[in-house]
2 protein chains.
Amino acid sequence: MPRARTEVHPPFAVTVDLVVLTVRDGRLHVLLVERGAEPFAGRLALPGGFVHPDEDLADAAYRELREETGLGGAGQAHVHLEQLRSYGAPQRDPRMRTVSVAYLCLAPDLPAPVAGSDARAAHWVDLATIGQGGGLAFDHAEILADGLERARAKLEYTSLGTAFCPAEFTVAHLREVYEAVWGVPIDPRNFHRKATKTAGLLVPTGRYAAGTPGRPAQLYRRGEVGSIDPPMTRAGG
Amino acid sequence: MPRARTEVHPPFAVTVDLVVLTVRDGRLHVLLVERGAEPFAGRLALPGGFVHPDEDLADAAYRELREETGLGGAGQAHVHLEQLRSYGAPQRDPRMRTVSVAYLCLAPDLPAPVAGSDARAAHWVDLATIGQGGGLAFDHAEILADGLERARAKLEYTSLGTAFCPAEFTVAHLREVYEAVWGVPIDPRNFHRKATKTAGLLVPTGRYAAGTPGRPAQLYRRGEVGSIDPPMTRAGG
DNA sequence: CCAATAGTGTCTTTCAGACACTATATA
DNA sequence: TATATAGTGTCTGAAAGACACTATTGG
């Protein structure tokens, strides 16, 4: 907190950066934009932008999500957004002293192509094709790594895995989400029992998926609970 | 991230605020300072201050910790410091637009009185004597609540409980830390087995505590591991 | 029929929680 | 001695992991 109004306080630019994750074709993807201007022109970066003068941090994150990706608008599909952490190394932006508040966003795989009102296009990038660092602009590789770690951890003890699923989904769909995020195979039978017996995680709709080989799977909606107790276990539940 | 250098970006003041926790006499305490100046003059607040122009956020947190509390200096006792989250509601400081990056600090109970170079004295305040809100300045009640929640959660699956202990401590001391942070009684025998059998949590010194009634307890040092697997359980382990 | 996926039952192992019991100090 | 605390042993129930087995679809 400021000590007294007479004390000098240097000006900072404050931005939000978004780690937007989804699962497509059984693999984890992150939403990236190609930078048009220097520095790091032509490099991939996390979507984000400046916080407005009278805007709350979370509001800025939602606005950037809408503007740059088309996600999260009113009447749109459910997306989860939470603050990740802040990054403020003195030289993280060569132009000015900047503090970035990063947000983590988990979204279902959307049939509509992701495109913002912004001229720059946002693309889903398969995380398997990005190495350590991956040539991302600024300190975005570190932010992305922190976001991945957070997402992997939260799938253990919260219901956030369902945030990657559409409004109605099968247990197998949810299992594929876990396999994609954790990068490990999971026994379908034990996962089925765990998911369906965890109170409040899934709400059965009574409807069944069709058109796939094998016995039709029941469709579920997201439950209301936030935390899973006992948690999902990462070593092949 | 900034889009182009031509875009306007409003100036923000960036501060760090510290949630410094310790366990004294079996009860959880937080370090608070009394504000001397308006706004909120005379009210209790979290220690903190402005981030300097060329200073990393974590460096600013460490500096404020030293300046305002005398904790964390070179050769001092071990303290744990981690970023908590950021707070940037437009009107959180009536003087100017401010974003605060909060840090959580866990410290052992120090025999030396806590006093900073600053004229204002920092005091350990028993959390049981602070209500919901507790009359804290700014949004510090919310920050404190978030810090408590983080500390309680991290004691489950990390070794951070030992950060509340001095360099050498008994299993009973660590148990009292858990009881104070979680506010629940824990069975001493089951806790003893869990703590001593969790690989890497405790390093036996071979020495024993003396002067207390009963069989002398073995003294331990902090182990190297960060995470506890399987975790401590909160419902009276 | 077969292949594939959904979903159930059951066995083993691990571990939390309860608590009897032993060990070793102070008063 | 009594009392207090340290530390071990053991039983029970919950739940993870492995995996046999049944159920129900499409081809």
Side-chain angles (χ1 to χ4, degrees), chain A residues 25-26 155-157 161 165 168-179 182 184-221 225 227-237, chain B residues 25-26 155-157 161 165 168-179 182 184-221 225 227-237:
Chain A
D25 306 320
L155 254 61
E156 293 190 19
Y157 59 94
C165 298
E168 296 197 353
F169 55 94
T170 64
V171 173
H173 191 131
L174 182 61
R175 174 171 49 81
E176 285 158 16
V177 164
Y178 273 84
E179 292 178 326
W182 285 347
V184 296
I186 299 176
D187 185 287
R189 297 157 296 184
N190 290 334
F191 183 87
H192 186 280
R193 179 159 21 108
K194 173 75 175 179
T196 53
K197 296 215 170 149
T198 297
L201 178 63
L202 301 177
V203 178
T205 65
R207 278 187 295 282
Y208 290 83
T212 57
R215 175 175 169 178
Q218 192 166 177
L219 289 168
Y220 294 87
R221 284 196 303 273
V225 298
S227 64
I228 294 177
D229 184 54
M232 296 279 183
T233 49
R234 208 151 156 177
Chain B
D25 306 321
L155 253 61
E156 293 190 20
Y157 60 93
C165 297
E168 296 197 354
F169 55 93
T170 65
V171 172
H173 191 132
L174 182 61
R175 175 171 50 80
E176 285 158 16
V177 164
Y178 274 83
E179 291 177 326
W182 285 346
V184 296
I186 299 175
D187 185 287
R189 299 157 293 185
N190 290 334
F191 183 86
H192 186 280
R193 180 161 18 112
K194 173 75 174 179
T196 53
K197 295 216 169 146
T198 297
L201 177 63
L202 300 176
V203 178
T205 65
R207 279 187 294 282
Y208 290 83
T212 58
R215 175 174 167 180
Q218 192 166 177
L219 290 167
Y220 294 87
R221 284 195 303 272
V225 298
S227 63
I228 293 176
D229 185 52
M232 296 280 182
T233 49
R234 206 150 155 180

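Order of the sequence lines fixes the chain letters, A, B, ..., with proteins taken first and strands second; residue numbering starts at 1 for each chain.
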Review point. B/Met232 versus B/Trp182: any side-chain heavy-atom pair under 4.5 Å?
Key: yes
Exercise for review: For nucleotides 19-27 of chain D, just jot down a letter per nucleotide in 5' to 3' order: B, S or -, based on protein non-hydrogen atoms under 4.0 Å.
Suggested key: BB--BBB--
Check your understanding: Between A/Lys194 and A/Pro230, what is the shortest heavy-atom contact and its length?
Key -> NZ-O, 2.8 Å
Check your understanding: A/Phe191 CZ to C/dT8 C1': how many Å, rounded?
Key -> 17 Å
**Study point:** Spacing between A/Arg175 atom CZ and C/dA6 atom C1', to the nearest angstrom
**Key:** 10 Å
Check your understanding: Between A/Thr233 and D/dG17, does any side-chain N or O lie under 4.0 Å from OP1 or OP2?
Key -> yes
Check your understanding: For B/Leu155, does its backbone N or O pair with a side-chain atom of B/Tyr178 as donor and acceptor, under 3.5 Å?
Key -> yes
Exercise for review: Whole angstrom is fine here: how far is it from NE2 in B/His192 over to P in C/dT24?
Suggested key: 14 Å
Study note, to complete from the structure: Here the distance between atom C1' of C/dC15 and atom CE of B/Met232, to the nearest Å, is 13 Å
Review point. Is there side-chain contact between B/Tyr220 and B/Thr196, with heavy atoms separated by less than 4.5 Å?
Key: yes
Exercise for review: Remember a base hit wins even if backbone is also touched, and classify A/Ala210 as base, sugar-phosphate or nothing at under 4.0 Å, heavy atoms.
Suggested key: nothing
Check your understanding: Bend angle of the helix from C/dC1-D/dG27 to C/dA27-D/dT1 from five-pair axes at both ends, rounded to 10°?
Key -> 0°
Review point. Distance check: side-chain N/O of A/Lys194 vs OP1/OP2 of D/dA15, anything under 4.0 Å?
Key: no
Check your understanding: To the nearest angstrom, how far is B/Ile186 atom CD1 from D/dA6 atom P?
Key -> 14 Å
**Study point:** Rounded interatomic separation in angstrom, taking CD from B/Gln218 and P from D/dG7
**Key:** 6 Å
Check your understanding: In whole Å, what is the span from the CG atom of A/Leu174 to the P atom of C/dG7?
Key -> 13 Å
Exercise for review: Could you state the atom-to-atom distance from CD of A/Glu179 to P of C/dT5 in whole Å?
Suggested key: 12 Å
**Study point:** Contacts of A/Glu179 that satisfy salt bridge (charged side-chain N to carboxylate O under 4.0 Å, His left out) - sequence neighbours left out
**Key:** A/Arg175
